[in-house]
Protein chains: 2
Amino acid sequence: MTQTDTVSRILDAAEVLFAERGFTETSLRTITSTAGVNLAAVNYHFGSKKELIQAVFERFLTPFTQSLVGELDRREATDEPLNAEVLLDSLYRVAMASLEREGRDPQRFMRLLGLAYTQYQGHLRRFIVSRYGDSYRRFAGLLSKALPGLDPVTFYWRLYFMLGATIFTLSSFDAIEAILKEDFGAESSLQETLERLVPAAAAMLHAGD
Amino acid sequence: MTQTDTVSRILDAAEVLFAERGFTETSLRTITSTAGVNLAAVNYHFGSKKELIQAVFERFLTPFTQSLVGELDRREATDEPLNAEVLLDSLYRVAMASLEREGRDPQRFMRLLGLAYTQYQGHLRRFIVSRYGDSYRRFAGLLSKALPGLDPVTFYWRLYFMLGATIFTLSSFDAIEAILKEDFGAESSLQETLERLVPAAAAMLHAGD
DNA sequence: CACCAATTAAAACAGTTGTTTGGCAACTTG
DNA sequence: CAAGTTGCCAAACAACTGTTTTAATTGGTG
């Protein structure tokens with residue numbers, strides 16, 4: 001077993017288990033045993049549990065952020081005006097593509113994103129902001145330009161409303177889908193849900209226009 | 001120190017600490033020491049940590065739900081048509097009033113609500129659904145009637161979008177407020193944020209009309 | 001005042017947590 | 001081939017978890 005093998009086996013297992021139960025609720029022993037590696041391997045390769053958590057986020061946020069920045073570059077290069085709906089659609093589309101390309105489950109990452117915001121892990125928030133804050137502000141800036149006449153404070157609050165709707169809904173996708181299936185017999189795919197989310201979020205941003 | 005005193009001291013401490021750090025991250029020893037009571041008191045009065053968690057939720061969800069049901073009764077008694085905006089406004093107003101009346105911090109409860117959805121605590125979800133599910137469905141039914149022409153599945157997804165926007169934003173209120181203050185020098189009260197949230201959420205529900 | 005139930009208290013329980021250690025195998029490099 | 005780095009493993013570490021036990025203390029009632 002080569003080094004990279006052990007490292008990525010740990011990351012794979014941790015990613016799934018963290019998304020399922022949260023950080024504190026997932027012990028290193030559970031991670032290493034489902035990964036089929038020795039307990040000490042985590043501290044050997046990552047240093048500590050905290051750093052393992054950060055590594056899990058880095059592995060999926062870095063390619064996603066790069067794709068997003070690339071997409072924004074392309075959009076800005078063409079001189080077409082950027083409206084909010086297009087920007088949101090880009091965001092979701094890039095997220096899906098960048099994650100599915102690596103053969104991993106998109107909604108698992110939504111759960112992780114939700115955890116990053118909800119759980120009591122100061123180091124994680126700091127890590128994410130310092131690493132990806134610039135790209136995030138870039139997107140927010142473009143979206144803000146697409147909504148002229150909206151005062152900045154209102155805009156930012158609505159941005160958070162949108163973020164909340166997205167992360168909350170997608171991270172509970174399984175649970176919500178199960179309820180709707182039972183009550184209406186209607187199956188919903190992640191794709192369809194995003195197609196519902198884009199116009200709804202856009203309407204929220206445009207409220208009062 | 002009387003019994004009720006010990007019980008409510010434990011509930012007070014647990015409520016604050018749970019909202020701050022989550023359930024697993026808060027030990028019984030931290031709770032009992034900040035409450036100034038003996039460690040064994042939790043198991044004596046509540047049975048277990050799980051039941052303490054449920055008791056914390058029961059103490060604020062029961063009066064809130066009762067107020068909400070009362071408000072819905074009053075609204076339905078008058079034969080005025082109920083539109084979405086009014087219903088949302090009622091919901092938020094009742095929530096604030098019912099919580100502030102007991103002199104407790106409203107956004108702490110939003111954090112708790114967020115935890116109930118996010119954290120890996122099957123018993124809590126089951127407890128809340130079985131205890132308060134009916135009232136929740138009552139509200140959803142009225143809101144659905146206020147939005148004729150919206151197919152049920154789309155309506156329910158948008159309801160979750162709205163729930164997500166609310167819980168997510170209000171449970172991170174402090175953090176968001178701090179960012180906006182730094183960037184724009186603008187202070188936001190919880191009240192103002194709700195006044196921004198109502199029309200935004202209503203616009204999302206009405207999207208495409 | 002004496003009794004008895006309810007409450008509090010200190011201590012120990014058994015189990016789990018993240019992390020560290022030291023020995024061992026496998027590899028690369030001189 | 002020898003030297004030395006790198007990765008892996010079982011075991012132990014100390015600290016912490018929720019819960020239980022046993023004894024002391026309280027407050028109300030006959």
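In what follows, chains carry the letters A, B, and so on, assigned in the order in which the sequence lines appear, proteins first and then strands, with residues in each chain numbered from 1.
Per the geometry, CZ belonging to B/Arg29 stands 7 Å off P belonging to D/dG18, to the nearest Å. A straight line from CG of B/Asn43 to C1' of D/dT19 spans 5 Å, rounded to a whole angstrom. If you take CD1 of A/Ile10 and P of D/dC9, they are 10 Å apart, rounded to a whole angstrom. Rounded to whole angstrom, the span from the CG atom of A/Leu28 across to the C1' atom of C/dT19 amounts to 9 Å. For the pair B/Leu39 CG and C/dT7 P, the interatomic distance rounds to 18 Å; values are reported in whole Å. Atom CD in A/Glu25 sits roughly 11 Å away from atom P in C/dG18 (whole-Å rounding). Spacing between atom CZ of B/Arg21 and atom C1' of D/dC16 amounts to 14 Å, rounded to whole angstrom units. In this structure, CG of B/Asn38 is placed 15 Å from C1' of C/dA6, rounded to the nearest angstrom.
Residues A/Phe184 and B/Tyr156 place their aromatic rings such that the two centres sit under 6.0 Å apart. In summary, the aromatic rings of A/Tyr117 and B/Phe168 are positioned with their centroids under 6.0 Å apart.
Closest to the side chain of A/Ala40, out of C/dT20, C/dT7, D/dT21, is C/dT20. Of the listed nucleotides (C/dT7, D/dT20, D/dT17), C/dT7 has the atom at the smallest distance from the side chain of B/Tyr44. Which of D/dG18, C/dT19, D/dT19 sits closest to the side chain of B/Ser27 comes down to D/dG18. Between D/dG18, C/dT8, C/dT20, one nucleotide has an atom nearer to the side chain of B/Lys49 than all others, and that is D/dG18.
Taking only side-chain nitrogens and oxygens, A/Thr6 comes nearer than 4.0 Å to OP1 or OP2 of D/dC8. Look at A/His45 and you'll find a side-chain N or O under 4.0 angstrom from OP1 or OP2 of D/dC8.
Among the protein residues, B/Thr26 comes within range of the sugar-phosphate backbone only, with heavy atoms under 4.0 Å from sugar or phosphate atoms but none that close to a base. Within the nucleic acid shown, B/Ala41 has no heavy atom closer than 4.0 Å to any nucleic acid atom.
The closest side-chain donor-acceptor pair between B/Tyr136 and B/Thr65, if any, does not fall under 3.5 angstrom. In summary, the side chains of B/Glu195 and B/Gln191 do present a donor paired with an acceptor at a separation below 3.5 Å, with no hydrogens or angles considered.
At a threshold of 4.0 Å, the pair A/Arg111-A/Glu20 does not count as salt-bridged, since none of the basic side-chain nitrogens sits closer than that to a carboxylate oxygen.
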